[in-house]
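Order of listing sets the numbers, starting from 1, for every ligand and every atom in it. None of the values given here were measured: they were computed from a predicted structure.
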Amino acid sequence: MIETGGGGGLWLLTGRTSGYALHLTDRAELLHLHWGPRLTLADAEELAAEPQRPPWPFESPLDGREEYVVEGGPRFVRPALSVRTPDVRGTQWRFEGVRVDADADELRLRFTDPVHRLGITLHYRMRDDSDVVERWTTLRHEGAPGDPHVEVLRADAAVWTLPARDGWRLGQLHGRWAAESRLVRSPLTPGDKVLGSRRGHTGHQHLPWVALDAEGAATEESGEVYGCALGWSGSWRIAVQHLPDGGVQIGGGAGYDDSGLLSLAPGESYTSPVFAGLWSAGGFGGASREWHAWQLARVVPDAGRTRPVLFNSWEATGFDIGEPQQRALARRAAALGVELFVVDDGWFGARTHDGAGLGDWTPNPDRFPGGLGPLADEVHALGMEFGIWVEPEMVNPDSALYRAHPEWVQHHPGRARTEFRNQLVLNLARPDVREHLWEQLDGLLSGAPVDYVKWDFNRCFTDAGWPGEAYPARLWTAHVHGLYGLLDRLRAAHPRVAFESCSGGGGRIDLGILSRTDQVWTSDNTDPLDRLAIQHGFSQLHPARVMAAWVTDSPNTQLNGRRSSLRFRFVSAMAGVLGIGGDLTRWSEAELAEARDWVALYKEIREVVQLGAQYRLRAPSGGLSAVQYVRGGESVVLAHLQAQHHGERPPPVRLRGLDPAAAYRCEETGAVHGGAVLLHRGLETGLRGDLDAAVFRFRRV
Ligand code: GLA
């Protein structure tokens, strides 16, 4: 709901439990008033009427108070907007008008800078049933043909302002390849804390998300938590600024630095990604559940449908694939209850190793003589869906595509260029490249009965040059828009095909890609113990419904040789969208039979896991950890014990989200427990030794 007050210059947005208020002064200053629990309009007006303290001569009267910080004037904080025309840099804006679109729950505030002839619109959206506020910014060159271009050096999506508190703690998700999404919380000290990516993709190093709690007082179960998450799949920056007076502002948007996003010609416009914000009084767990619910309702396509159990042989077979072998694996997978069979890298062109073939999206004739159709038909006959791996944004120099179009890759003329994994990045800012990719991928999806596409991206940008282009800096944002455009067009033309976002594991996980893919590949690290920490971090922001997780071989082949039971591997992977990635031809009859039972159990709990409310009962930190999912009268607990010490029994796990007055039957033991007992005393897991795990299902009786 959006209410207007203060004689027309004050706006109050109200969501499920929270509110957000801002106002415009008669000097066209757009000031922040409130972000926190619900307020009345009268409360917000009272805040707006408070007299402001006159600033010291060395302080800005605006810093820390503005809704969107432009460059220039009495401001010393990081600008959200930095633009220039040939003679003038910075912005002095004039308020033009406001539009409240009640149907879309959207507030639009329009300003112009008459010198640059630049229109600036700030967008806010808050739905009644959520506490997420979506914010973004649009720019438009409103001049006439012949006017100079407006160079946009930086245009953040939004600036978030936190209330005054004695101090803040910052939570973030950091990592690297095979170690993504690890949660760390630390006190916020004065100055700017900058997270981001200058790699051209979201990156394994940071998820575009921060969480702040005042005085470090929040727990998993209680306390106020502020969160901000960016929906952008290219280079990005979130700057958390702890200002001299203790105030905190968080700016975020596309591009890592302020060196240039694009140049707007008269009539052209730019829309920033969405920078979403959330206030929750429910602790870290409550904040996560609110983020999850919003993504399932508003971001992830068709999120009400659960995802199938998949098989993918990449870890087991690498590039060494062929039709008879894939058929054999498909039969074994089907016998386990697998529902989606995916052929990974190596099926196309001369791609028998990572040095050739990338870019040539036609089946390798030696490996798949009749194309992919015959394998897809057998997979379908076995009752499974059929999926393929692609990496459309890349090319090996040793490929037919590169030989035909060497000018299609990102490069700086006269400079050495970097090859990572023997590949170069295609320049998706070029319309001819996008059109070529569209034809290839559309042809692929029309030519064989493909139900699922794993879309990979296996190297960062390094030589993002664009010979002949007057403003090559725009390549960075145009690449992402090119990618989004392709995905949107493919989804529209092939609505039954599901897409997974992968980038060497979790290098492209963000709200932008999630709004046009069905799930993400969480990490190339499939070690079931390491995964617990990665999944714990991932769940801070994203729901289990999009988190792909595979059971692979033991000892672990990719990373560490760790041995673990099939039980531990399954119970670890069942916390997300279950997949199997082991070499099924080497699993014993006993292992195959056990796996069949785990897959069947997963199908029983999948709706609760993928679509339920998630409670992190105990974080993975060496001993016992557990995560719980609740949906209606059903609940599932996945418990993991890393190592037992000194013969001590792991403590009971206190459950959440149950009705204390109700009774619950545990399907595993047949015992009926009072809700209050499970909530207060907790559940005895009986786990022991090393790497033990168990699933508990509860049904309300
Ligand atoms: C990336 C992915 C893997 C696999 C390989 C194939 O590393 O993360 O899952 O698809 O590419 O080359």
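In this structure, the side chain of Ser235 engages the main chain of Gly200 through a donor-acceptor pair within 3.5 Å. Asp553 places no side-chain N or O within 3.5 Å of a backbone atom of Asn556 that could act as its donor or acceptor partner.
For residues 529-539, the set of pairs meeting the side chain to side chain donor-acceptor pair (under 3.5 Å) definition, not counting sequence neighbours, comprises Asn525-Asp530, Ser539-Arg616.
Protein residues are said to neighbour a ligand when one of their heavy atoms lies under 4.0 Å from it; for ligand 1 these are Trp314, Asp344, Asp345, Trp389, Arg421, Lys454, Asp456, Asn458, Cys502, Gly504, Gly505, Trp521, Asp524.
Pairing each heavy atom of Pro273 with each of Gly231, the nearest pair is CB-O, 3.2 Å. A pairwise comparison of heavy atoms in Gly504 and Trp177 identifies O-CD1, 3.0 Å as the closest pair.
Note that Arg516 lies in the cation-pi zone of Tyr484, set by a 6.0 Å cut-off to the ring centre and a 45° limit from the axis.
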